[in-house]
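Below is one structure, written out as structure tokens; the observations come after it.
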2 protein chains.
Amino acid sequence: MVPKPSSSITLDSFDLAILNTLQRDNTTPQRVIGETVSLSAPAVQRRIRRMEEAGVIQTNVAIVDPAQVGQAITIFVEVEVISETAELVDAAKREFASVPEVQQCYYVTGEADFVLVVIVPTMAAYEALTRRLFFGNNNVKRFRTFVAMDRVKVGLTVPLPE
Amino acid sequence: MVPKPSSSITLDSFDLAILNTLQRDNTTPQRVIGETVSLSAPAVQRRIRRMEEAGVIQTNVAIVDPAQVGQAITIFVEVEVISETAELVDAAKREFASVPEVQQCYYVTGEADFVLVVIVPTMAAYEALTRRLFFGNNNVKRFRTFVAMDRVKVGLTVPLPE
DNA sequence: ACTCATACGACAAAATCTTGCATTTATCGG
DNA sequence: CCGATAAATGCAAGATTTTGTCGTATGAGT
């Protein structure tokens, strides 16, 4: 599965139906998908490959329960930076993205500049991370922490038209 | 793939290595995984199934690029509620979780009570969603919006020990 | 009307996944 | 220290899925 550069393709309702299935369970046999969307299995397979090559399907992954691997704490962090020059912002992006504990990182507008989703085993680990990532960064003006008590809904499912 | 109720199992370094592979690409053949962790393919397969039954592996999904399916805008929302009684909080959880545009929902401590990750095709759609979800809810005191300009890092990969 | 491009289904081949079974390894009580 | 039981492994056969090839149908453009 080589993540080729995407070149934007058009999707019909067959593709969307296939995506909707794969978004929920990508172990579904192509034969079964074919039955539900009224196509042959090879046709389904061709469409899947096309969407993978175009980058519509970015990756196929197993989703792991953090709690069961000792990474029980999910934390949101809003980060505000001092200077928003392109270089400094890019540097921050690269630094945040390179940290394994940072599960997600978004560059946003509004009262904050970055929003991070962090996964750590203990609050002590989080504290150590803040020292390294925020207090150790001259360009971080302020950050706000939100500890998750309940992961009500977690996923990367995209609402699809149709 | 039946998502059975989990009953917490112990994981050894073999399991963690397998998880680390599947987290990144669950289409990796078990034979290949076996080679990298020094186990036979059936042994790998049995471990995977055990972890699926125990809920360590929650699901297997394809990750779709929102931009390529016309859902280009990612938005963070911090929601603050008026009353935090158990019933009202549960009601809010259920309502947020039921909305397809709400990709993720966390109940958090701190200056906000909920954090949402929302995916919409247009700002108009977001505005309509806020009317329905926040202005139409008596228990919502205030919400703050952060529009994502760059999805720097997106995923549900859990940092694994070892 | 013709041609080319695209997508389809059917079939066959290759690869992968699954299962049964004998053996090895680990644990625990004697 | 030794033997019995339980758990996990590897190997090999069988079932399933995925992949590739071929011929055909549908549409767009000439």
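The separation between A:Leu39 atom CG and C:dT6 atom P is 18 Å, rounded to whole Å. Spacing between atom CE of A:Met51 and atom C1' of C:dA7 amounts to 14 Å, rounded to whole angstrom units. In this structure, CG of A:Asp12 is placed 15 Å from P of C:dT6, rounded to the nearest angstrom. Summarising the geometry, the separation between CZ on A:Arg31 and P on C:dC11 is reported as 17 Å, rounded to the nearest angstrom. Separating the CZ atom of A:Phe14 from the C1' atom of C:dA7 is a distance of 11 Å, rounded to the nearest angstrom. Computed from coordinates, the B:Gln30 CD to C:dC17 C1' distance equals 6 Å when rounded to whole Å. Atoms CG (A:Asp15) and C1' (C:dC8) sit 14 Å apart, rounded to a whole Å.
Nucleotides of DNA chain D that come within less than 4.0 Å of any heavy atom of chain A span, from the 5' end to the 3' end, D:dT17 to D:dT21.
B:Leu19 and B:Ile48 fall within the same hydrophobic cluster, defined by Ile, Leu, Val, Met, Phe, Trp and Tyr side-chain heavy atoms under 4.5 Å apart, directly or through other members.
Residue contacts shown for B:Pro42 include a base, since a base heavy atom lies under 4.0 Å away. Using a 4.0 Å heavy-atom criterion, one finds that A:Arg46 contacts the bases of the nucleic acid, with or without backbone contacts as well. Among the atoms of the strands shown, only primed sugar atoms or phosphate atoms (P, OP1, OP2) are found under 4.0 Å from some heavy atom of B:Arg47.
Below 30°, between 30° and 60°, or above 60°: for A:Phe143 and A:Phe135 the angle between ring planes is above 60°, a perpendicular geometry.
In this structure, the ring of A:Phe114 has its center no less than 6.0 angstrom from the ring center of A:Tyr106.
Mapping A:Arg49 and B:Ala43 onto DNA chain D by nearest heavy atom places B:Ala43 closer to the 5' end of the strand. Sequence order on DNA chain D of the closest nucleotides to B:Ser40 and A:Pro29 puts B:Ser40 first from the 5' end.
When side chains are defined from C-beta on, B:Val140 does not count as touching B:Asn138, because their heavy atoms never get closer than 4.5 Å. Contact of the B:Leu22 side chain with the B:Ile57 side chain is registered, since non-hydrogen atoms from C-beta on lie closer than 4.5 Å.
Nearest heavy-atom pair across A:Cys105 and A:Val102 is CB-CG1, 4.0 Å.
Minimum atom distance to the side chain of B:Gln45 is reached by C:dT18, of the listed C:dT18, C:dC11, C:dC17.
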Test side chain to side chain donor-acceptor pair (under 3.5 Å) on B:Asn26 and A:Asn60; report intermediate values, then the result.
CA-CA 6 Å; B:Asn26 72 359; A:Asn60 289 280; 5.4 Å; no
